[in-house]
Amino acid sequence: MIPPNPKKPKPIPLKTYQSDDVLRLSQALLGKCLISTIGGVLTGGMITETEAYRGPEDRGSHAYNNRRTKRNEVMFHRGGISYVYRCYGIHSLFNVVTNQPEIPHAILIRAIKPLWGLEAMYSRRKTDNLKKLTAGPGTLTQALEIDTLHNGLPLTGPLIWIEDRGVQFSEAEIVASPRVGIDYAGEDALLPWRFRIMETVRVE
DNA sequence: TATAAGATTTACT
DNA sequence: GTAAATCTTATAT
């Protein structure tokens, strides 16, 4: 895939994120490209795994029952901005805020396929293992240098954006399964709201 | 004010 | 397979 032009980002439009259907959007983000120019280096890759968090009625969400805190405040803003929070005191997790103002939906980006700025990502991750470069929600933020200070940023650039570069997957190519690490969410922990591209699907 | 637990990763046994 | 790293919020004193 040809590298994106940092001087002319082509982010997907804001209104895309303002959809009411966070499940559909979570699947639509698979194949899109997440790009960061933090630190003056373009790094990024193709989104391969997401999780949907559906605000008030989802026990797995930080915004369950419309719980509003300093940390999750941006979830209540309009769709199309980042929600970055610290997990287990160690990792920054990157989410896409979706839907209209006051409706706290979000999509956790769990993994990307590394494509651009590999050198910078290896260096930030302190590893030489391509498979482990951006394979989890905490590692991909480290590779892209996304931290909690990038909370609430618009996903139309210039620091962070998501581009459509023509890759799209059919439902048959997407695996839905229960979300990770939310055992406390009761029955909601069983909802198949984790979406991955099937391993057998190859991308050029 | 103190404690527990979490949308995780890594290094160790 | 287990433990450690250690920030933020919720709940209980």
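Just so it is clear: chains get the letters A, B, ... in the order the sequence lines come, proteins before strands, and each one is counted from 1.
Each of A:P137 and A:G89 was assigned the nucleotide of DNA chain B with the nearest heavy atom; the assignment lying further toward the 5' end belongs to A:G89. Nearest-nucleotide assignment on DNA chain B puts the 5′-proximal partner with A:D183, out of A:G136 and A:D183.
A search for ring-ring contact (aromatic ring centres under 6.0 Å, His included) contacts involving A:Y85 returns A:H62, A:Y83, not counting sequence neighbours.
Using a 3.5 Å distance cut-off with no hydrogens or angles, the side chains of A:R125 and A:Q142 do pair a donor with an acceptor. One side chain, A:S177 or A:R196, offers a donor N or O that lies under 3.5 Å from an acceptor on the other.
At the heavy-atom level, A:R179 lies nowhere under 4.0 Å from the strands shown. In this structure, A:G60 reaches the bases: a heavy-atom distance under 4.0 Å links it to at least one base atom across the strands shown. Residue contacts for A:L108: at a heavy-atom cut-off of 4.0 Å it reaches a base atom on one of the strands shown. Nucleic acid contact class of A:T139 (heavy atoms, under 4.0 Å, all strands): sugar-phosphate only.
Among the nucleotides C:dA5, C:dT9, B:dT8, the one closest to any side-chain atom of A:R110 is B:dT8. Considering only side-chain atoms of A:T69, the nucleotide from B:dT8, B:dT10, C:dA10 that sits closest is C:dA10. With C:dC7, C:dA5, B:dT10 as the choices, the nucleotide that has an atom nearest any side-chain atom of A:R86 turns out to be C:dC7.
Using a 4.5 Å heavy-atom cutoff, the side chains of A:K32 and A:V96 are not in contact.
The NE2-P distance, from A:H62 to C:dC7, rounds to 17 Å in whole Å. Here B:dA5 presents its C1' atom at 13 Å from OH of A:Y85, a figure rounded to the nearest Å. Atom CG in A:N151 sits about 11 Å away from atom P in C:dT9, given to the nearest Å. In this structure, A:L93 atom CG and B:dT8 atom C1' are separated by 7 Å, rounded to whole Å. Distance, A:R71 CZ to C:dA10 C1': 10 Å, rounded to whole Å. Atom-to-atom, NZ of A:K70 to C1' of C:dC7 comes out at 12 Å; the value is rounded to the nearest Å. A:N129 has its CG atom 14 Å from the C1' atom of B:dT9, to the nearest Å. Atom-to-atom, CD1 of A:I90 to P of C:dC7 comes out at 7 Å; the value is rounded to the nearest Å.
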Strand DNA chain B in bracket notation, Watson-Crick/G-U under 3.5 Å with | for pairs to another chain: ||||||.|||||.

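Close to B:dT9, at under 4.0 Å from its OP1 or OP2, lies no side-chain N or O of A:R125. Checking the phosphate oxygens (OP1, OP2) of C:dA10, a side-chain nitrogen or oxygen of A:R67 falls inside 4.0 Å.
Scanning all heavy atoms of the two residues, the minimum distance from A:S82 to A:F94 falls at CB-CE1, 3.6 Å.
Enclosure of atom CG in A:N5 by more than 12 non-hydrogen atoms of other residues, nucleotides or ligands within 6.0 angstrom is indicated.
The backbone N or O of A:E119 sits nowhere less than 3.5 Å from a side-chain atom of A:S123 that would complete a donor-acceptor pair. The main-chain N or O of A:V180 is found under 3.5 Å from a side-chain atom of A:E51 such that the two form a donor-acceptor pair.
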